Amino acid sequence: TKAKVVVIGGGYGGATAAKYVRLLSDYKIDVVLIEPQAAFISCPISNLVLGGSKQIGDVTTAYTGLSKNHGVTVVRDMASAIDTAKKTVTLAGGATIAYDKLVVSPGIDLMYGSIEGLQQAQAAGQILQAWKAGAETVALRKQLEAMPDGGVYAITIPEAPYRCPPGPYERASVIAGYFKTAKPRSKVLILDANPDVTSKGPLFKKVWAEQYKGIVEYRGQHKATAVDAKAGVVKFDVQEDVKANVLNVLPSMRAGAIAVQTGLNNMANNRWCGVNYQSFESTAAKDVFVLGDSIQIAPAMPKSGHMANSHGKVAAAAIVAQLSGWEINPAPMLTNTCYSFVDNKNVVHVASVHEYVAAEKTFKTVAGSGGVSPGPTELEGVYALNWASNIWSDTLA
Ligand code: FAD
């Protein structure tokens with residue numbers, strides 16, 4: 001009988017793993033991908049939907065590439081339970097699927113409970129996150145459009161690690177770009193639980209000081225503790241309350257619920273999942289591989305889509321090797337590039353290469369690899385959009 005790989009989550013990590021298990025096994029291993037969404041909606045580039053230069057359809061890709069081109073069985077459902085002893089996955093719809101190897105890439109869970117009042121405010125559609133692209137992205141854009149000129153948009157950032165280190169700063173910048181042309185008396189407030197900008201700091205700060213003087217204000221060491229949606233107020237552990245017309249409150253994050261529920265979250269106060277970095281096999285359960293934002297990262301490894309795509313390829317190679325009786329690659333490599341728009345055209349990037357160091361069982365940044373932009377350019381804006389269409393093809397086509 002054919003070996004069977006089940007993948008939970010058709011995002012950057014899971015979809016890549018599904019495709020590459022098929023490719024690397026010469027289409028000999030069966031792959032079932034479980035994903036509740038009708039189509040893949042990308043977080044990368046979704047900040048441009050908030051800025052108004054892109055529509056949600058521009059960041060959406062069908063799953064038919066995986067099924068038609070690669071023979072992946074795509075099941076539109078939610079995994080509701082994993083039995084790592086029996087090696088089965090149960091779906092919300094009731095079916096049970098057996099696996100030889102399981103890939104778990106469910107992304108992040110937003111810890112609404114860490115900020116008083118946020119769960120209710122989110123459920124009521126008053127205070128949104130839009131940290132998973134889709135309907136909330138569109139709804140947040142509507143809030144920004146409805147905001148009067150002279151209003152305030154405030155984004156709060158949790159302590160690192162969280163999904164996409166530069167993402168909140170990119171969002172603040174792109175929204176400032178929209179305000180500058182559409183409602184120039186408005187303000188963007190960045191309220192960061194971290195002491196300083198955690199990614200591309202000097203680049204973003206220069207843009208805010210020059211391009212968005214009088215529009216963007218950055219405040220570090222602001223840890224949100226509570227919200228009052230009716231009053232439009234966010235409260236902090238130490239600093240004064242802040243009132244805004246549009247609040248975009250990002251709570252702390254942890255591994256996706258299905259990973260937590262299965263007990264794969266064995267690291268960092270049970271927030272993230274430990275993996276063997278040579279294969280991405282879980283350190284909590286055999287034959288289970290965890291990818292993407294859900295994992296405990298080694299230093300300097302960001303929680304990014306580019307990294308999740310890289311994890312997917314390393315895990316797929318390890319899974320195919322294990323099922324074929326081959327030796328696992330002793331020294332896998334990961335790459336990362338994060339482009340950030342500072343308005344709807346100009347972009348900066350940070351890039352790095354990470355190698356597995358067997359003696360230390362971890363990934364280390366390759367000395368001299370990567371780097372950061374000297375400053376924003378339109379040419380990098382072209383590269384950024386090409387990066388996106390390339391990674392969407394690599395992951396899904
Ligand atoms: P996701 O891509 O979120 O995929 C998880 C999938 O699992 C989802 O489709 C979900 O529906 C599914 N799922 C969850 N639970 C279950 C279940 N129980 N059963 C079945 N399916 C389930 N990264 C970059 O590299 N470059 C960027 O420019 C960039 N910009 C960003 C901008 C923003 C605003 C944000 C929020 C993020 C950005 N990122 C960027 C980060 C990137 O989106 C994430 O790192 C990436 O999506 C992680 O991949 P993943 O596979 O872990 O999770």
Side-chain angles (χ1 to χ4, degrees), residues 1-35 37 39-42 44 60-76 79 87 89 97-107 275-282 287-295 304-337 353-356 363 386-397:
T1 65
K2 273 183 152 183
K4 186 165 179 182
V5 173
V6 173
V7 179
I8 297 177
Y12 278 92
T16 304
K19 172 175 162 181
Y20 277 81
V21 167
R22 292 290 289 160
L23 284 177
L24 297 172
S25 72
D26 226 353
Y27 295 110
K28 288 194 182 93
I29 296 173
D30 282 339
V31 176
V32 177
L33 173 66
I34 303 160
E35 168 60 54
Q37 294 208 91
F40 170 99
I41 307 178
S42 175
T60 303
T61 307
Y63 283 114
T64 43
L66 291 179
S67 49
K68 287 200 179 133
N69 302 343
H70 301 288
V72 172
T73 305
V74 180
V75 176
R76 189 169 170 198
K87 297 178 72 170
V89 177
I97 306 177
Y99 63 81
D100 294 300
K101 304 283 178 188
L102 176 67
V103 175
V104 180
S105 191
V275 296
N276 169 349
Y277 289 125
Q278 194 188 343
S279 59
F280 288 84
E281 187 161 358
S282 163
D287 297 320
V288 177
F289 296 73
V290 188
L291 311 180
D293 289 351
S294 281
I295 70 160
S304 78
H306 196 134
M307 281 300 246
N309 168 277
S310 250
H311 301 169
K313 291 170 186 172
V314 173
I319 287 168
V320 172
Q322 284 182 2
L323 290 172
S324 310
W326 306 334
E327 216 176 288
I328 293 186
N329 178 1
M333 306 273 274
L334 307 172
T335 58
N336 186 66
T337 309
V353 180
H354 307 260
E355 69 181 336
Y356 180 73
F363 279 103
N386 288 341
W387 169 86
S389 47
N390 283 329
I391 202 161
W392 296 338
S393 295
D394 185 42
T395 304
L396 297 153

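Everything numeric here is computed off the predicted structure, so don't read it as measured data. Hydrogens, waters and symmetry mates are skipped; everything else that's a heavy atom, side chains included, is used.
Taking OG from S282 and CD1 from I295, the interatomic distance works out to 11.0 Å, rounded to the nearest 0.5 Å. Taking OG1 from T64 and CG from N69, the interatomic distance works out to 8.0 Å, rounded to the nearest 0.5 Å. How far OG of S279 is from CD of Q322: 6.0 Å, rounded to the nearest 0.5 Å. Atoms NZ and CG, on K19 and N309 in that order, are 9.0 Å from each other to the nearest 0.5 Å. Note that CG of D26 is 4.5 Å distant from NZ of K28, once rounded to the nearest 0.5 Å. Annotation: the span from N276 atom CG to I328 atom CD1 amounts to 7.5 Å, rounded to 0.5 Å.
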- Evaluation steps, side-chain hydrogen bond (donor to acceptor under 3.5 Å, both in side chains), between W387 and T337: CA-CA 9 Å; W387 169 86; T337 309; 5.2 Å; no

- Task: Take H306 and T335, measure what side-chain contact (heavy atoms from CB on, under 4.5 Å) needs, and give me the verdict at the end.
- Result: CA-CA 7 Å; H306 196 134; T335 58; 3.2 Å; yes

- Item | Audit row: L102, I8, side-chain contact (heavy atoms from CB on, under 4.5 Å) steps and yes/no | CA-CA 8 Å; L102 176 67; I8 297 177; 4.0 Å; yes

- Criterion side-chain contact (heavy atoms from CB on, under 4.5 Å) on Y99 and K87, from CA distance to verdict: CA-CA 6 Å; Y99 63 81; K87 297 178 72 170; 3.8 Å; yes

- Please assess D100 against V5 for the test side-chain contact (heavy atoms from CB on, under 4.5 Å), listing each intermediate value before the final yes or no. CA-CA 6 Å; D100 294 300; V5 173; 6.0 Å; no

- Give the C-alpha distance, both sets of side-chain angles, the deciding distance and a yes or no for side-chain hydrogen bond (donor to acceptor under 3.5 Å, both in side chains) between S304 and Y12. CA-CA 9 Å; S304 78; Y12 278 92; over 6 Å; no

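Residue A39 comes nearest to A62 through the heavy atom pair CB-CA, 4.3 Å, listed as atom of the first residue, atom of the second, then distance. Nearest heavy atoms, V7 versus G14: CG1-O, 3.4 Å.
When each of V89, V75, V74, V72 is tested with V32 by the rule side chain to side chain contact (heavy atoms under 4.5 Å, CB included), just one qualifies, namely V75. The only option from V320, T395, D394 that meets the side chain to side chain contact (heavy atoms under 4.5 Å, CB included) definition with Y20 turns out to be D394. Among L323, I29, T16, D30, the single residue meeting the side chain to side chain contact (heavy atoms under 4.5 Å, CB included) criterion with V21 is I29.
Looking only at distances, no side-chain donor or acceptor of Q278 sits under 3.5 Å from a matching main-chain atom of P332.
Ring planes of F40 and Y63: perpendicular class, angle over 60° (limits at 30 and 60°).
Under the 6.0 Å cut-off for aromatic ring centres, Y356 and Y277 do not qualify, their centroids lying 6.0 Å or more apart.
Using a 4.5 Å heavy-atom threshold, the side chains of L23 and H70 count as touching. Counting only heavy atoms from C-beta outward, the side chains of V103 and I319 approach each other to under 4.5 Å. Proximity of S294 to P106: side-chain heavy atoms (C-beta onward) are separated by under 4.5 Å at one or more points. Taking 4.5 Å as the limit, some side-chain heavy atom of D287 sits within range of a side-chain heavy atom of E281.
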